[in-house]
Amino acid sequence: MAAFAQIPLSTGWSFKDSDDHSEGAWLSVPKVPSVVQQDLIANNKLEDPYVGFKELDARWVNEKSWTYRKVVQKPAVPAGASIVLAFDGLDTFATVRLDGKVILESTNMFLAHRVDVTNVIQAEGDHVLEIEFDCAFLRAKELRKKDPSHNWASFNGDPARMAVRKAQYHWGWDWGPVLMTAGIWRAVRLEVYSARVADLWTDVQLASDHQTAQVSAFAEVEATGVDEYNVRFTLSLHGQEIATQTVAPQQGTATATFDVQNPALWWPNGYGDPTRYEVSASLEKGQQAIHNVSKKIGIRTAELIQQPDKHGKSFYFRINGVDVFCGGSCWIPADNLLPSISAERYRNWIALMVHGRQTMIRVWGGGCYEDDSFYDACDELGVLVWQDFMFGCGNYPTWPELLASVEEEAIYNVRRLRHHPSIVIYVGNNEDYQVQEQNGLTYNYEDQDPESWLKTDFPARYIYEKILPSVISKVSPKTVYHFGSPWGDGKVTSDPTVGDMHQWNVWHGTQEKYQIFDTLGGRFNSEFGMEAFPHMSTVKHFVENEKDLYPQSHVLDFHNKADGHERRIATYLVENLRTATDLETYIYLTQVVQAETMMFGYRGWRRQWGDDRHCGGALLWQLNDCWPTISWAIVDYFLRPKPAFYAVSRVLKPIAVGVRREHHDWSVTHAQPPKTSKFDLWLASNLQKEAVGMVELRFLSIDTGLEVRERFVQDNVTIVPNGTTNIIVDGVIDYSQFPEPHVLSARVWVDGTLVARDVDWPQPFKYLDLSNRGLSVEKVSESGEEQVLLLSTQKPVKCLVFEERDGVKLSDSAIDVVPGDDQKVTVTGLKPGDAPLKYQFLGQ
């Protein structure tokens, strides 16, 4: 009896344009997984589509079919063993032939396939494996034509995309290029075995007092004569085995249950350690180990609390009995060429979130079910995952073959992902109910007959409300399922009293002023955003010619895919800031607007957490980019944080202080200044215990840096745990007494340590004279590759932003500095002799 063996098929491939039958058509493939654009670039047949206008030069690839080929040798096959060809992902319309015989036809990028080829590979020696990838771009158009009665309503990309189970953003989105990939996008291998562990999963029961837990482990065994095998289950913590059981499979599945005393729980970032246990299943025959599978799990509970309250119906997450304010981001694929994202790059993204004190990531429904290494990083670092199913911005068709493929896709991916403690919710789609609303499609929530939904002009409801919840209840029954994002009890998706909300009336929609963002939110704000340019170093990567380095150049506009981006960026800049024509300053100004927008949203919504969980979380659009571009991302394609990243991080401190004047709409009042202003001062805490602190509020002249009225100090303030502590509500500034423009500078100390700051500025910034600040940035210590900079100033400074340099990490940036409150910034990764980091501030 031989042990399970696998032979990776990652090298030795060649590929060609399927229509090219010439002698030299075949080109080498460096390695798979890959997609055709990567392989064309490697063969100097395509230039980098991310640079300049070269995306247009790459469009021809989108309309071609491609063939991949490899010669495989018959592996050593013990008596009674089988040979299986395993594909973890084929993109997308793939016909697989082995020695000329069709062994697989696939039409879904999101599925894995296993084909028993024992009888095909009987002869010794070479066998030819060939995969033809038909053109998804053209196939989609053909499929759309076959269903002319369907209403193909959608946002973004060609509506025909909805006919194909392929990453929807490949058709282009309002932040990404049109790059239709094809290829072996996930691993492929041969497996030789007579028996294997086909799947391993767990069910975790945590006692309400957290003193005990029960971990049930299940192993699905694939074998002939399964009765001859046993499965040895092991539970480990930190590499130490804590329990083991050996059991015989019953009807193909072996089960073991472990009782764990004083379990170490899995907690999200900011709430405790994300401790993981390891469960392994070793398939044994007699004394021989045949196959071993291990998975890391977490012991935790996760609930979505939706209960009637004074604001409508709540929507927030409770982990291990603790209410968690989910401050975080939405995630799009980190590249258009998915196989190019390494496990290290995935982990660097999630580590950056943790550095920014974020708690949740939303995997958006127009990309892909991410690589295992993405979820492993979320598990390891304690980032909660909101996982959309892959339906985005459209009214999807529902012919029977498509529904069958969707169900298979859902089962495969939920089985693959169900052990990850980070995943706390599955969601049916992204904005498909908004498409239904905006196009007047039929949706009667009271009608609970699924078969009738298929006969309406919104048949996709059948997917979100019948197929997907049924899969979750069977495959991962303890995980929350939500019909769509946004969605709330069948009400209009903009209803702020129920469900989650995509709040786009800043930037899109009515283009409200960002200063009132918090008044626009709902029970859980799962999308909102503001565009900003990436840093100059990123812009220079994709702009080829020096002459194009100006704010409105053709190539810069080409790298901003958002409709109307010119007028929207211009609107928010001209309303708030003195505009600039040199690119470096212009980039910086767009970043100031984004940072301020995110701060106003997060700060106000986090304050609402303490008001009967009025707001349960905020997930900004978006964390990342899929190519070097201008977008809503707060970190660009090269993992270079924009100022907004730091603004959000400060608002999400364990204890944060907030101060703000009421909004005075200067454009409505024709720029007349207010006679008085109300202002509020508060603390937000996610600590689980009460703390006691001292709060200070100073009123500092922008022109002189001096205090213009008596400071407010309150000692022995009891800080409400996991909520909000209001210090001043409806305080009043009388501008007849204090006419000169001034900032409100708030600080809070706990146990003698300064833990948070906030500064409120008169709006808009364009009316302020911010010249001659008297700012000092001084290096006060250096140890190896770590430097400490001391920031001090004579007059208030707005948004001091340090240069982002690869390999260099900043403890903070985009900082407001006021007189009498020196701040320190730690810079890690600068080597001795490196030039100091450049910096910019408003009015410099």
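Hydrogens, waters and symmetry mates are skipped; everything else that's a heavy atom, side chains included, is used.
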Handout entry: Close aromatic pair by centroid cut-off 6.0 Å: Y637 and W627
Key = no
Exercise for the section: Under the side-chain contact (heavy atoms from CB on, under 4.5 Å) rule, what do F528 and Y602 come out as? Steps first, then yes or no, please. Expected result: CA-CA 10 Å; F528 59 96; Y602 269 95; 3.6 Å; yes
Practice task
Please confirm whether the backbone N or O of N624 pairs with a side-chain atom of Q622, one donor and one acceptor, at under 3.5 Å?
Solution key: yes
Problem - Modelled atom types, side-chain donor and acceptor of S771 and D769, under 3.5 Å - result: yes
Problem - Nearest heavy-atom neighbours spanning Q552 and D557 - result: O-OD2, 4.1 Å
Handout entry: Ring centres under 6.0 angstrom apart (F517, F600)
Key = no
Practice task
Check whether the ring centres of F533 and Y588 lie less than 6.0 Å apart, and answer yes or no.
Solution key: no
Handout entry: Criterion side-chain hydrogen bond (donor to acceptor under 3.5 Å, both in side chains) on S649 and R357, from CA distance to verdict
Key = CA-CA 5 Å; S649 176; R357 302 189 180 93; 2.8 Å; yes
Practice task
Let me know which of V692, L754, V695, V717 forms a side chain to side chain contact (heavy atoms under 4.5 Å, CB included) with W749.
Solution key: L754
Practice task
Taking only Lys NZ, Arg NE, NH1 and NH2, and the carboxylate oxygens of Asp or Glu, determine whether D760 and R661 approach each other closer than 4.0 Å.
Solution key: yes
Exercise for the section: Would you confirm whether Q608, through its side chain, and D518, through its main-chain N or O, come within 3.5 Å as a donor-acceptor pair? Expected result: yes
Handout entry: N/O donor-acceptor pair under 3.5 Å between T826 side chain and S811 backbone
Key = no
Exercise for the section: Could you go through the side-chain contact (heavy atoms from CB on, under 4.5 Å) check for C326 and L384 one step at a time? Expected result: CA-CA 8 Å; C326 291; L384 298 171; 4.0 Å; yes
Handout entry: Residue pairs passing the salt bridge (Lys or Arg N to Asp or Glu O under 4.0 Å) test where at least one lies in residues 810-823, sequence neighbours excluded
Key = R650-D812, R747-D821, R757-D821, K798-D816
Exercise for the section: Output yes when K54 and E544 qualify as a salt bridge under the 4.0 Å nitrogen-oxygen rule, no when they do not. Expected result: yes
Practice task
Please check if the side chain of K653 supplies one atom and the backbone of V755 the other of a donor-acceptor pair under 3.5 Å.
Solution key: yes
Exercise for the section: Would you please classify the geometry between the F841 ring and the Y839 ring as parallel, tilted or perpendicular, with 30° and 60° separating the classes? Expected result: parallel
Fill in the blank from the handout: R276 and L237 have their tightest heavy-atom pair at O-CD1, 3.7 Å
Practice task
Grab the two heavy atoms, one from L338 and one from P333, that are nearest each other, plus how far apart they are.
Solution key: CD2-CB, 3.8 Å
Practice task
Identify the two heavy atoms, one from L683 and one from I727, that lie closest to each other, and give their separation to 0.1 Å.
Solution key: CD1-CD1, 4.2 Å
Exercise for the section: Before accepting this row, confirm whether a basic side-chain N of the pair E696/R698 lies closer than 4.0 Å to the acidic partner's carboxylate O. Expected result: yes
Fill in the blank from the handout: Rounded to the nearest 0.5 angstrom, the CZ-CG distance for F645 and D636 is 12.0 Å
Problem - Under 3.5 Å side-chain donor-acceptor pair for E740 and S701 - result: yes
Exercise for the section: Give a yes or no answer on whether the side chain of S329 reaches the backbone of L620 with a donor-acceptor pair at less than 3.5 Å. Expected result: no
Fill in the blank from the handout: Residue pairs passing the salt bridge (Lys or Arg N to Asp or Glu O under 4.0 Å) test with at least one member in residues 324-351, sequence neighbours excluded, are D335-R345, R347-E380
Exercise for the section: Rounded to the nearest 0.5 Å, what's the gap from CG on L381 to CD1 on I361? Could you check? Expected result: 12.0 Å
Practice task
Spell out, as yes or no, whether a donor-acceptor pair under 3.5 Å connects the side chain of S553 to the backbone of D548.
Solution key: yes
Fill in the blank from the handout: Closest non-hydrogen contact found for H541 with V51 is O-CG2, 3.9 Å
Problem - Ion pair check, R640 and D806, cut-off under 4.0 Å - result: yes
Exercise for the section: Show your working on side-chain contact (heavy atoms from CB on, under 4.5 Å) between K642 and E804 and close with a plain yes or no. Expected result: CA-CA 8 Å; K642 299 179 190 177; E804 293 288 340; over 6 Å; no
Practice task
Ignoring hydrogens and angles, tell me if any N or O in the side chain of H355 forms a donor-acceptor pair with the backbone of L810 under 3.5 Å.
Solution key: yes
Problem - Short side-chain to backbone donor-acceptor contact, R660 and D680, under 3.5 Å - result: no
Problem - Validation row, ring centre W175 to ring centre W364 under 6.0 Å - result: yes
Exercise for the section: Check for a donor-acceptor pair, side chain of D48 on one end and backbone N or O of Y50 on the other, with a separation under 3.5 Å. Expected result: yes
Exercise for the section: Please check if atom CG in D751 has more than 12 non-hydrogen atoms from other residues, nucleotides or ligands closer than 6.0 Å. Expected result: no
Exercise for the section: Would you please indicate yes or no on a ring centroid separation below 6.0 angstrom for W331 and F374? Expected result: yes
Exercise for the section: For the pair T590 (side chain) and A532 (backbone), establish whether a donor and an acceptor sit closer than 3.5 Å, ignoring hydrogens and angles. Expected result: no
Handout entry: Sidechain N-carboxylate O distance under 4.0 Å for K766, E575
Key = no
Exercise for the section: Carefully, step by step, assess W507 and H565 under the rule side-chain contact (heavy atoms from CB on, under 4.5 Å). Expected result: CA-CA 9 Å; W507 179 269; H565 65 262; 4.2 Å; yes
Practice task
Apply side-chain hydrogen bond (donor to acceptor under 3.5 Å, both in side chains) to the pair Q594 and Y572, showing each step before the final yes or no.
Solution key: CA-CA 9 Å; Q594 186 188 47; Y572 284 102; over 6 Å; no
